[in-house]
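So you know, we letter chains A, B, ... as the sequences are listed, proteins then strands, and number each from 1.
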Amino acid sequence: MANEKGLTPRGEDFAAWYNEVVLRAELADYSPVRGCMVIRPYGYGIWENMQRALDGLFKETGHENAYFPLLIPQSFIEREKEHIAGFAPEVAVVTHAGGKELEEPLVIRPTSETIIYHMFAKWVQSYRDLPILMNQWANVMRWELRTRLFLRTSEFLWQEGHTAHASEAEAQEETQLILGLYRRFMEDWMAMPPLTGLKTEAERFAGAVRTYACEALMQDNRALQAGTSHNLGQNFSRQFDFRFQTEDGGEDYAWNTSGGVSTRLVGGLVMTHGDDVGLVLPPRLAPVHVVVVPILRGDASEAVLAKARAVQDALAARGVRAHLDDRDTGTPGAKFWEWERKGVPLRVEIGPKDVEKGQLVVVRRYVADGQEKKSFLEESAAVDAVPGVLDAIQAAMLEDALARREANSHRGVEDYGRFREIIEGDGGFVYAGWCGSADCETKAKDDTKATIRCLPSEEFRSADAPQSCLVCGGAATAEAVWARAY
RNA sequence: CGGGACGUGGCGCAGUCCGGUAGCGCACCUGAAUGGGGUUCAGGGGGUCGCCGGUUCGAAUCCGGCCGUCCCGACCA
């Protein structure tokens, strides 16, 4: 399976390939505790860039950051019926502290709705105190039965946005706004264009009235739920006595929303753009934009190093994250492979010949159609061109990922046999009619392991609305998108 | 919790059937020569073979028990 150079070729065994990429790019490692992942500096650098971007987007929409505690009284989690039913099997519980058994066990948050709305209730008296738009960056724990680096770890890092509003309409608007924010982030930063839509009851967040999600298609044609935005209605505010006085002097329970994206996105990035060599990063999220590799040879070494430093400085002055790999071990080739494995978008090679000719060798990690991987450019022109090239790479990666998603989206599938053929064959998104019954959803899941990823948002819906249910043939009430998912 | 496989230096493995006191590749350390796509040579460090017990003169190897990991399912961002 593994090719001569060590990595498992994509396609032959996608899961093994994925793990190899994550480990060899030094994104993460296994921890001694099952299912808990150690994020290494390089992987964390990617996450940090994601955080920065998302944090900016949230602040643009008026959110403020805050922090709520890791431990939640067990009784809080149990208050909302669907919520406890959904999360009970996977919460870790602290029973002992301070050397003795606790009177009431504490759960390690699997998500923070309960503690947050408990606090909101204390802070809000009047409609004038609303809306509250809050976000927290935190870790949560869900004791999953099976785990995968980044994609499903027992503990993960995320942002969770929580809002409270005076009206149902405003909460709904917020839910859609956040969905759009996630979508924009995935497209503009990750170059991972998702499908958006409404979750079915079976897939909805435990405790929500409506859940919307971003569903991205990975290179093995399985879907990844990459972000969710929930309209919680008054489900939590009623349980946590979160009331406020209305404009007309009455009283009402607050209308809440929540949403989140996690370190899972790093896994999505790997599975969206990685290739047989390793990781491929979109420039906007790459911890290092350009790695400068000097090729040292005898007498010329000093001049080469001086040039390499000058180039690094010039790039930094243009806002480029440039790294000089001046380690004196190994050969240039070994460094080339290492940085390619790590997905660095551009490599600049500087050797004696380049110093002599006043040129730079610029090598792209991601090669779009019709481009040369390697180019030889006059030094100052090359440096000036880098920011533009990075932007172009970012754009090309999105364009290609979008084309791939569409090429693997099957619209207007009416025949159940055909549906099975696609799902059990190459996979991808299948757009089809659905009658709205959970039985049909379950039957197809049992038959094929595919689930309804979402009922697509308007702009994703097919021009010709499907008339009949894919599974039972009855009248369709909605268009549904099916896929096998992570 | 059901079905399958596996636990041997940091990583990947051989050795187990047929008991004789542990080996290979990569990585690591030292030195030298190299350096434009995974350099070469020489030297070196590191493992009580998952744990406990049994059989035996002798156990990585045979027997019993336990623990753990991975894959498939159920659960899931």
In whole Å, what is the span from the [atom1] atom of [X] to the [atom2] atom of [N]?
{"X": "A:Glu90", "N": "B:C75", "atom1": "CD", "atom2": "P", "value": "12 Å"}
{"X": "A:Ile295", "N": "B:U34", "atom1": "CD1", "atom2": "P", "value": "17 Å"}
{"X": "A:Leu23", "N": "B:A27", "atom1": "CG", "atom2": "C1'", "value": "15 Å"}
{"X": "A:Asn19", "N": "B:C11", "atom1": "CG", "atom2": "P", "value": "15 Å"}
{"X": "A:Glu144", "N": "B:G73", "atom1": "CD", "atom2": "C1'", "value": "15 Å"}
{"X": "A:Glu26", "N": "B:C11", "atom1": "CD", "atom2": "P", "value": "15 Å"}
{"X": "A:Lys335", "N": "B:U39", "atom1": "NZ", "atom2": "C1'", "value": "13 Å"}
{"X": "A:Leu296", "N": "B:G35", "atom1": "CG", "atom2": "C1'", "value": "8 Å"}

By nearest atom, which of the nucleotides [options] is closest to the [X] side chain?
{"X": "A:Lys374", "options": "B:G37, B:G36, B:A74", "answer": "B:G37"}
{"X": "A:Arg341", "options": "B:G36, B:G37, B:G38", "answer": "B:G38"}
{"X": "A:Leu145", "options": "B:A74, B:G36, B:U39", "answer": "B:A74"}
{"X": "A:Lys445", "options": "B:G36, B:C75, B:U39", "answer": "B:C75"}
{"X": "A:Ala334", "options": "B:G36, B:G38, B:G37", "answer": "B:G38"}

Rounded [atom1] spacing from [N] to [M] in Å:
{"N": "B:G50", "M": "B:C70", "atom1": "C1'", "value": "15 Å"}
{"N": "B:C52", "M": "B:G45", "atom1": "C1'", "value": "31 Å"}
{"N": "B:C49", "M": "B:G68", "atom1": "C1'", "value": "16 Å"}
{"N": "B:A14", "M": "B:C29", "atom1": "P", "value": "28 Å"}
{"N": "B:G47", "M": "B:C13", "atom1": "C1'", "value": "14 Å"}
{"N": "B:U16", "M": "B:A74", "atom1": "P", "value": "39 Å"}
{"N": "B:G9", "M": "B:G15", "atom1": "P", "value": "16 Å"}
{"N": "B:C26", "M": "B:G64", "atom1": "P", "value": "39 Å"}

Would you mind pulling out the nucleotide paired to [N], Watson-Crick or G-U wobble, both distances under 3.5 Å?
{"N": "B:G43", "answer": "B:C29"}
{"N": "B:G7", "answer": "B:C67"}
{"N": "B:G23", "answer": "B:C13"}
{"N": "B:U48", "answer": "none"}
{"N": "B:G73", "answer": "B:C1"}
{"N": "B:U56", "answer": "none"}

Applied to residues 108-119 of chain A, the side chain to side chain donor-acceptor pair (under 3.5 Å) test, sequence neighbours excluded, yields A:Tyr67-A:Arg109, A:Arg109-A:Asn139, A:Thr111-A:Glu113, A:Ser112-A:Gln136, A:Ser112-A:Glu160, A:Glu113-A:Ser258, A:Tyr117-A:His162
Mind checking if [X] touches a base, just sugar-phosphate, or nothing, with heavy atoms under 4.0 Å?
{"X": "A:Pro89", "result": "nothing"}
{"X": "A:Phe156", "result": "base"}
{"X": "A:Val261", "result": "nothing"}
{"X": "A:Arg347", "result": "base"}
{"X": "A:Thr228", "result": "nothing"}
{"X": "A:Ser154", "result": "nothing"}
{"X": "A:Asp328", "result": "base"}

Using heavy-atom distances to pick each residue's nearest nucleotide on RNA chain B, tell me which of A:Arg453 and A:Glu349 is more 5'. A:Glu349
Which residue, A:Tyr30 or A:Arg327, contacts RNA chain B at a nucleotide closer to its 5' end, judged by nearest heavy atom? A:Arg327
Distance from A:Tyr182 atom OH to A:Glu187 atom CD, nearest 0.5 Å? 15.0 Å
A:His230 side, atom NE2; A:Asn256 side, atom CG - distance, nearest 0.5 Å: 12.5 Å
Can you see if the side chain of A:Lys449 gets near the phosphate of B:G73 - specifically, an N or O under 4.0 Å from OP1 or OP2? yes
Is the centre of the [X] ring less than 6.0 Å from the centre of the [Y] ring?
{"X": "A:Phe419", "Y": "A:Tyr416", "result": "yes"}
{"X": "A:Phe120", "Y": "A:Phe240", "result": "no"}
{"X": "A:Phe205", "Y": "A:His83", "result": "yes"}

Does any part of the side chain of A:Cys440, heavy atoms only, come nearer than 4.5 Å to the side chain of A:Trp434, both counted from C-beta? yes
Will you find, in the side chains of A:Tyr486 and A:Asp220, an N or O donor that is under 3.5 Å from an N or O acceptor? yes
For A:Trp337 and B:G38, do the ring centres fall under 5.5 Å apart while the planes stay under 30° apart? yes
Any donor-acceptor N/O pair under 3.5 Å between B:G38 base and A:Glu338 side chain: no
